[in-house]
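Below is one structure, written out as structure tokens, with a few remarks after it.
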Amino acid sequence: MAPSSARVLYWFRTDLRLHDSPALLKALELKPAAFFPLWCWDPSYIYGHRVGVNRLRFLLESLACVSASITALNARSQLLVVRGNPAELLPELLRRWQITHLVFEKDDNGYARTRDAAVREIAKDAGVELVDVDGHQLYPVSEVLKRAGGKAPMTMQSLQKAIAPLGEPARPLDAPGALPDAIVPGAKGAAKDRKALLTALRDTLDGMPHYSAKGPPDVDLNGPKQGGQRVKGEKVTVYDSLVGPDEDVENLFGVPTLESMGMDPEASGATKTAVVPGGEKAALKRLAFRCKDPAYFATFSKPKSSPALDTSEASTALLSPYLKFGAISCRRVWWDAHDAARKYKGKHTPIPENFKGQQLFNLMYSVVESATGDAYQHVRGNEISRYMDWYLPTAYDKDGQVILPRPRGDEVSEERYEAFVQGRTGFPWIDALSRQLRSTGWIHHLGRHSLACFLTRGQCWISWERGAEFFEELLLDWDPSANAGNWMWLSCSAFFHQYMRVYGLATFGQKYDKTGALIRQYCPELAKFDDKYIYSPHLAPMEAQKKAGCIIGQDYPAPILDEKEEKSNCIARCKAAFTAKLHGADKEVLAGKAEARLRKAHGIPDPKPSTAPKSAASKVPAWAKAKAEKEEPASTKKEEEEHLHEAAGGESATADKQPARPKRKAPAASASGSKGKRAKSEK
DNA sequence: TGAACGTTGGGGGC
DNA sequence: GCCCCCAACGTTCA
């Protein structure tokens, strides 16, 4: 098979694998005379998007794995990592490397959609043939949408109907057995070794302006990183040159390090080393481990898998980060799990609770996101998201552009949100999950449910947009379609509507683990409490608190709110929002008038906007105030209840029917006392 | 138009 | 571990 004259640039993105890569195989079908495996280390992704240390680390490890696999197939090749924005780099690379074909795997979701539309134009202008190939999902997203009649499939049933005519997903394809050389333009043939290639390739890029030499960048590389991941003000060196540090030729076009990005995992609250290591090899190993037990996939049932386990002993297969980055193929997972489960003779779990169902939900979100467009990430303009009068919604300027950073909202909500992201709400189950997420980059799906329900329709009534941002920064497996989709689901904004069903802040976790092992691990200050109190330490008598060496309100925060009271407030607000039947794309919402109308119609007073400047407020978080309050003479339980009652009556004429924003002070130790009384008065 | 259903609630009874 | 009920949503289908 004589090579053609094709010079192929293969652009790796969310397909960091060699096995079952339809796009990669398509590129090789061109019989390239020269083959350039490329990765663009885009600063706007790293510094402009919400991406934390754990996901960056996972990405770096995945890149290193791909590069090593390429070198294993061709000792004169590797992944060619260039530092810069693809929209700026690609036109130059296409020209300087005399590329004839640009090949990549399609990405239908989120920011990739906009990026790839621009790349399409770039290829056209350069006279380069662009070959994009489906492969990230079980079925081509555009095909599924077409089969669904162009209408977003909002239920598993409608998705299944849409894919039924397509049959089973394709069987996975093998990894290529060889990869062609990257041949420098003008060279007679392949370089004698990898070092020679890298040096020659560097010379082809001579004079090309690199990122930090170009003047003011569109993102401040050394500024505070969104989400607070940047630490120690370290200088970013990764963008000092286009091809990486060149003191050592070995490192040219190499995978950057966290240090070169000024990132320190531990200072960011992440574990020192990855709990879930990135890369295709790790992914295949993990899948193979689960396939050894036929019962695992055959009897897998998501609602029955425990969210109360640490990341290293997850009850689920924990393949989602690998699927997100394409380090494992979804078809490989589908069929390996299928083949393993076939050996199991007992009763198999059906779709959607089973493992295949989980993969189909991912597909469903991807299809819905692609049908909804960029508005999918927010409420405003989003045709599928119900409008609810959340606190801390995304803010817009006169022209409808998102205001960043978000202006502060009402003080109570700001403090609650801060406590939530820091894992200091005073609810151990919530705090453990929040901390586990920050530490390891992963929590179980049902743990995500607990957090999402609490923050939105369960208790805090804070916009799902804020929750989605929090997960976006910290989740290894963050995906623009699944993340926002799940937040809409849990907040009853779309997909799911049964707002009466609220996760208990103690009861839900207890169902899976009465001993509270996850809490003991991530909230060590609570570790010495008896099982009886581990999920609700604020109910422990002072004697028990002393015995446990943890005084609530001092060593661990008192609850930031009253669970039952806020639950009933939120249900009433859900009812009001469902009666209003507003959606994100409705005129009234776009005009910014929905919130006032909804609150007025249902007798809910507007929250008091925060007066505290952002910096000052963040220095004194909620739990610190709770601590300060603890030091004041404590009010009796009775006084506190009376105080709350007055507040409710005083804030609105209709406060007896509709909930008002509660006073900031949470009833720290009154939950058990008020429980019976409130239950009675509600009847 | 009404019944059945919807991946994953809580609480109680058996 | 299974059932029902709580009170109630939207979608689908007969």
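We name chains A, B, ... by the order of the sequence lines, and we start the count at 1 in each one.
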Charged N-O contact under 4.0 Å between [X] and [Y]:
X         : Y         : answer
Arg380(A) : Glu465(A) : no
Lys106(A) : Asp134(A) : yes
Asp339(A) : Arg171(A) : yes

Taking the nucleotide of DNA chain C with the nearest heavy atom to each, does Phe578(A) or Gln157(A) sit closer to the 5' end?
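Final value for this comparison: Phe578(A).
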
Identify, between Gln498(A) and Lys304(A), the residue whose nearest nucleotide on DNA chain C lies closer to the 5' end.
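The residue mapped nearer the 5' terminus is Lys304(A).
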
Work out how far the P atom of dC13(C) is from that of dT7(B), and round it to whole angstrom.
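Comparing P positions in dC13(C) and dT7(B) gives a spacing of 13 Å.
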
Any strand is fair game: report the nucleotide pairing with dC6(C) by Watson-Crick or G-U wobble, both distances under 3.5 Å, or none.
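Answer to the pairing question: dG9(B), which forms a Watson-Crick or G-U pair with dC6(C).
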
Strand partner of dT11(C), provided both Watson-Crick or wobble distances fall under 3.5 Å:
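Checking every strand shown, dT11(C) finds its partner in dA4(B), with both distances under 3.5 Å.
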
Of the options Thr271(A), Thr311(A), Asp310(A), which is the one that meets Ser439(A) in a side-chain contact (heavy atoms from CB on, under 4.5 Å)?
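Single side-chain contact (heavy atoms from CB on, under 4.5 Å) partner of Ser439(A) among Thr271(A), Thr311(A), Asp310(A): Thr271(A).
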
Of the candidate nucleotides [options], which contains the atom at the shortest distance from the side chain of [X]?
X         : options                  : result
Thr507(A) : dG11(B), dG10(C), dT8(B) : dG11(B)
Trp489(A) : dT8(B), dC9(C), dG10(B)  : dT8(B)
Lys161(A) : dT8(B), dA8(C), dC13(C)  : dC13(C)
His497(A) : dT7(B), dG9(B), dG6(B)   : dG6(B)

Could you tell me how far apart Lys151(A) (NZ) and dT11(C) (P) are, to the nearest whole angstrom?
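So the two atoms are 8 Å apart, to the nearest Å.
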
Protein-nucleotide distance (Lys302(A), atom NZ; dG6(B), atom P), rounded to Å:
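Taking NZ of Lys302(A) and P of dG6(B), I get 18 Å after rounding.
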
With a centroid cutoff of 5.5 Å and a plane-angle limit of 30°, would you call Phe361(A) stacked on dT7(B)?
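Answer is yes, a stack.
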
Let's test your reading of the model: under 3.5 Å, does the base of dT7(B) pair with the side chain of Gln358(A) as donor and acceptor?
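Flag set: donor-acceptor pair detected.
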
